[in-house]
Structure formats: C-alpha cells, structure tokens
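Following: one structure in structure tokens, then a few remarks.
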Number of protein chains: 2
Amino acid sequence: MSTKLTYSEFGELGNAMTQSGQSTTGQTLLFLTDEQLRKGTEAMFFAYRGFTADPDRILSERGYGRAHHRAVHFIHRSPGTTVNNLIAILGVTKQSLNRVLRTLVEDGLVLNTVGKKDKRERHLYLTETGTTLERALSDAQRDRMRAAYRAAGPSAVAGFRQVLEAMMDQEMRRHYDTLKDRIE
Amino acid sequence: MSTKLTYSEFGELGNAMTQSGQSTTGQTLLFLTDEQLRKGTEAMFFAYRGFTADPDRILSERGYGRAHHRAVHFIHRSPGTTVNNLIAILGVTKQSLNRVLRTLVEDGLVLNTVGKKDKRERHLYLTETGTTLERALSDAQRDRMRAAYRAAGPSAVAGFRQVLEAMMDQEMRRHYDTLKDRIE
DNA sequence: AGAATACGTCAGCTTTGTTGACATTCCAAG
DNA sequence: CTTGGAATGTCAACAAAGCTGACGTATTCT
C-alpha cells in the first residue's frame with residue numbers, strides 16, 4: 001500500500017522526470033514510477049529470451065542444453081578452472097554440474113586433468129571439439145549482442161553495462177570482475 | 001576462424017575504441033572486440049541471476065516457481081487477458097501454462113471468467129490475494145532495479161533500455177511495446 | 001453442416017535443478 | 001602416523017517446468 005504509485009497517479013509527468021538529474025549535488029536524483037520500473041523488468045525478461053535464443057537453437061541440434069553452454073563458456077573463459085570454482089560461478093550443486101560435465105567429457109568436449117599441486121582437484125579444459133562448439137555458440141550470441149550494441153550506440157552500451165553491474169549480487173560481481181580465477 | 005579477434009590480438013587498444021563513435025555520418029561506428037562482447041554476455045548472465053533472486057525467495061516460501069511469477073505479472077499488467085494471449089507472451093505451450101494457471105486458480109489468486117463476446121475465451125484477473133502476491137514480488141524486484149537505476153544514473157538507464165530493446169526478437173518487441181493487449 | 005478456434009486435460013518424456021547418503025582421495029594438523 | 005576435513009564423484013529419489021501428442025468440449029466462423 002505504501003508504494004502504490006501507479007503511473008496513472010503520476011500522469012505524464014513521470015516519464016519526463018526520469019531523465020532529470022540534479023548534478024549540482026553530485027548525487028543524481030531519480031524519480032522512478034512503478035510503471036517505468038515495470039518496463040525495465042519486462043525489458044530484462046524479453047531481452048534475456050532473445051539473448052539465449054540463438055545459442056539454444058544450436059545446442060538443441062546437438063542434444064545439449066543451456067547448462068552445457070554455461071559450463072563450456074566458463075571453462076573457455078578460464079581454462080584450468082576447478083570444479084568447485086565452476087560450481088561457485090554457476091551457482092549450482094556439484095551433482096547438477098557433474099551430470100553436465102560428465103556428458104561433455106564423454107563426448108570429448110572437455111578435458112579433466114588431476115591437479116598437480118592438489119591432486120583432489122580436477123582442472124577443466126576445452127578440447128578442440130569443445131572449442132569449436134564454444135565458438136559456434138558465442139559467435140551466435142555475440143552477433144546479436146553486437147547488433148544490439150550497434151543499434152543502441154556507444155553511450156547506451158556504457159549505460160547498459162553500468163545498470164547490469166549494479167544489478168548483480170556482490171558475490172557474483174567478484175566473479176564477473178576477475179578475468180581469470182586461475183590456478184597455480 | 002574468420003571472427004578470431006581475441007582481445008590479445010587487439011591489445012589495450014580495444015577498450016579505448018569502444019567508446020569512440022563517428023557522429024559525423026549519423027551512423028555510429030563501433031569497434032567491438034570479442035572480449036568486450038564476452039563481458040556483455042556475462043553481465044547479462046550475472047545480472048539476470050540477481051534480477052530473479054529476490055522474487056525467487058518469496059516464491060519458494062509459498063511453493064511457487066518462476067513460472068507463477070511470470071503468469072501473475074502479465075495478468076496484473078493486462079487484466080482480462082486471455083489464455084492464448086498469455087501463451088504468446090510467455091512463449092510456452094498451453095499445457096505448460098495450464099499447469100501453472102490451474103494451481104493459481106485453485107489457490108484463489110487468479111480468476112477465470114468466460115468471455116462475453118467470445119465464450120470460448122477465458123479472461124484472467126488477479127484476485128485480492130493475487131494482487132497481494134504480485135505486489136510483494138514486484139516490490140522486491142523493483143527495489144533492486146531501483147537501486148541499480150540510482151547507482152547508474154539517468155543516462156545509463158536510457159542506454160540500458162535501448163540495448164535491451166535492440167536485443168529482443170521483433171515478435172517479443174511487439175508484446176513489449178503494447179501497454180495493454182486488451183479485450184473488447 | 002462442417003471446419004477452425006480456444007481451452008482443458010491425460011499421459012509420457014526431457015532438462016536441470018534439488019537433498020541425502022556414501023566412497024575415495026588427499027592435505028594438513030596434531 | 002593417524003585422523004579430520006576438504007574436494008570430488010556417484011547413486012538414488014524427487015521436483016519444477018518445459019515439451020509433444022492425443023482427445024474432448026464448447027463455441028464461432030465460413
């Protein structure tokens with residue numbers, strides 16, 4: 001009840017006020033109606049669908065799912081990463097990841113080497129075939145991202161990234177920031 | 001092979017070039033490295049997780065899932081929408097939607113009325129309880145979105161929306177644009 | 001009258017997540 | 001050297017949420 005500020009109550013005023021910032025104080029003021037925020041959540045919803053649509057097509061052709069994509073992506077990003085690392089990044093249980101990882105190893109897309117320093121750990125690498133799939137997937141996904149970036153322009157891209165980064169959990173932000181969560 | 005432009009090949013130059021646009025032609029030129037685009041896809045991945053985290057907590061407390069959230073959201077957005085409409089927006093099969101909708105009706109969150117003009121259609125409305133849940137969910141989600149918006153600033157928000165909108169499928173863009181896909 | 005549409009439902013299958021239990025291997029501390 | 005705990009893997013059972021296919025009913029359109 002306290003946050004009942006529908007766009008009808010604000011009328012047309014709301015949209016105009018979104019763009020207005022008070023730069024004198026250094027602290028930017030934003031007046032956000034529920035309607036504007038709803039539009040933002042729906043933008044996320046619909047855009048994420050588009051974002052995954054192209055890779056999903058490729059994956060289903062080869063009998064894989066989105067979980068395989070994520071695993072392949074992050075192994076490609078930081079080769080030699082451990083299973084536990086991957087679990088933390090992906091936010092799934094080891095059982096869930098293991099099922100995906102097992103099929104990828106069986107199919108010869110991922111390599112599984114015992115750690116030299118700590119032999120309990122398994123270090124994960126993409127094979128040739130794995131790299132090929134990763135490239136196909138990321139090419140498809142990047143094409144759309146590139147098109148969106150081009151359509152929106154450079155300053156829009158910067159804003160896009162800023163908002164997304166502010167929307168992450170702090171914990172995930174750490175994974176996002178580190179290029180490599182490497183090994184010894 | 002043709003798109004093998006890793007960030008190492010571009011070196012430090014890449015990041016600087018992202019921000020540079022040629023505004024003289026009207027057509028903005030963007031030089032995007034694979035690394036920059038990868039950062040964008042990961043931003044989407046991590047941010048979407050944050051985006052759904054808060055509602056997910058509330059939902060699981062009450063024995064619902066993300067699918068229920070989506071249904072409740074879009075019924076709230078356009079009260080009286082039909083089942084077929086919802087199917088088109090959500091991009092799921094009627095069987096899948098039906099399972100969710102059935103529990104919502106049974107639990108008294110959603111109302112199901114026969115269409116006046118076309119009696120084959122069922123129009124969907126939220127009840128009091130349904131509206132209460134919707135508010136709890138969207139409040140949680142909006143809090144994060146609001147915080148992200150405030151942190152990023154007004155121009156970032158505009159860019160955020162622009163990129164997301166460019167990333168949608170055209171078909172979904174239509175649903176996104178129409179405030180109300182109403183009835184007679 | 002017959003075709004098409006909107007909806008609901010039954011049955012079965014898949015992916016991807018979850019718990020819980022248990023074994024193995026190994027590191028490190030006592 | 002023994003032992004506790006960490007890292008990994010695996011088995012089993014289960015749930016959410018998607019899918020296809022088939023069928024039935026009511027209604028509307030042609």
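In what follows, chains carry the letters A, B, and so on, assigned in the order in which the sequence lines appear, proteins first and then strands, with residues in each chain numbered from 1.
Considering only residues two or more places apart in sequence or on other chains, A:Glu134 meets the salt bridge (charged side-chain N to carboxylate O under 4.0 Å, His left out) condition with none of them. Listed by chain and number, the residues in a salt bridge (charged side-chain N to carboxylate O under 4.0 Å, His left out) with B:Arg62 amount to none (sequence neighbours excluded). Applying the salt bridge (charged side-chain N to carboxylate O under 4.0 Å, His left out) test to B:Arg173 and every residue at least two apart in sequence or in another chain returns B:Glu165, B:Asp177. When the salt bridge (charged side-chain N to carboxylate O under 4.0 Å, His left out) test is applied to B:Arg174, no partner is found at least two apart in sequence or on another chain. For B:Thr127, the side chain to side chain contact (heavy atoms under 4.5 Å, CB included) test picks out B:Leu111, B:Thr129, with sequence neighbours left out. Legend: residues meeting side chain to side chain donor-acceptor pair (under 3.5 Å) with B:His68, ordered by chain and number and at least two apart, are B:Thr103.
Against DNA chain D, the stretch residues 92-99 of chain A makes heavy-atom approaches under 4.0 Å through A:Lys94, A:Gln95, A:Asn98. Near DNA chain D, meaning a heavy atom under 4.0 Å from it, residues 56-71 of chain B has B:Gly65, B:Arg66, B:Ala67, B:His68, B:Arg70 in order of number.
As a whole-Å value, the separation of A:Leu104 CG from C:dT16 P is 10 Å. The CG-C1' distance, from B:Leu86 to C:dG8, rounds to 15 Å in whole Å.
Summarising the geometry of B:Val114 relative to B:Lys119, their closest heavy-atom pair is CG1-O, 3.4 Å, with the distance given to 0.1 Å.
In this model, the phosphate group of C:dA6 is not approached by any side-chain N or O of B:Asn85 to a distance below 4.0 Å at OP1 or OP2. Look at B:Arg102 and you'll find a side-chain N or O under 4.0 angstrom from OP1 or OP2 of C:dT9.
Residue pairs meeting the salt bridge (Lys or Arg N to Asp or Glu O under 4.0 Å) criterion with at least one member in residues 93-114 of chain A, sequence neighbours excluded, do not occur.
Residues A:Tyr125 and A:Asn112 have side chains not in contact (no heavy-atom distance under 4.5 Å, counting atoms from C-beta outward).
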Could you go through nucleotides 25-30 of chain C and list every protein N or O atom that sits under 3.5 Å from one of its N or O atoms, giving the distance for each pair?
from, atom 1, to, atom 2, distance (Å)
C:dC27, OP1, A:Lys117, O, 3.4

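Note that NZ of B:Lys39 and CG of B:Leu32 are 15.5 Å apart. Values are rounded to the nearest 0.5 Å. For the atom pair A:Leu86 CG and A:Phe74 CZ, the distance stands at 8.0 Å (nearest 0.5 Å).
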Could you go through residues 41-58 of chain A and list every donor-acceptor pair under 3.5 Å that involves a side-chain atom there, pairing it with any protein atom two or more places apart or in another chain?
from, atom 1, to, atom 2, distance (Å)
A:Thr41, OG1, A:Arg38, O, 2.8
A:Glu42, OE1, A:Arg38, NH1, 3.2
A:Glu42, OE1, B:Arg77, NH1, 2.7
A:Glu42, OE2, A:Arg38, NH1, 2.3
A:Glu42, OE2, B:His73, NE2, 2.8
A:Arg49, NH1, B:Leu90, O, 3.0
A:Thr52, OG1, A:Tyr48, O, 3.1
A:Thr52, OG1, A:Arg49, O, 3.2
A:Thr52, OG1, A:Arg66, NH2, 3.3
A:Asp54, OD1, A:Arg57, NH2, 2.5
A:Asp54, OD1, A:Arg144, NH2, 3.3
A:Asp54, OD2, A:Arg144, NE, 3.0
A:Asp54, OD2, A:Arg144, NH2, 3.4
A:Asp56, OD1, A:Arg66, NE, 3.4
A:Asp56, OD2, A:Arg66, NE, 3.3
A:Asp56, OD2, A:Arg66, NH2, 2.7

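A nucleotide of DNA chain D counts as in contact with chain B when one of its atoms lies under 4.0 Å from a heavy atom; the first and last such, 5' to 3', are D:dA17 to D:dT28.
Of the possible donor and acceptor atoms, one in the side chain of B:Thr82 sits under 3.5 Å from a partner among the backbone N and O of B:Asn85.
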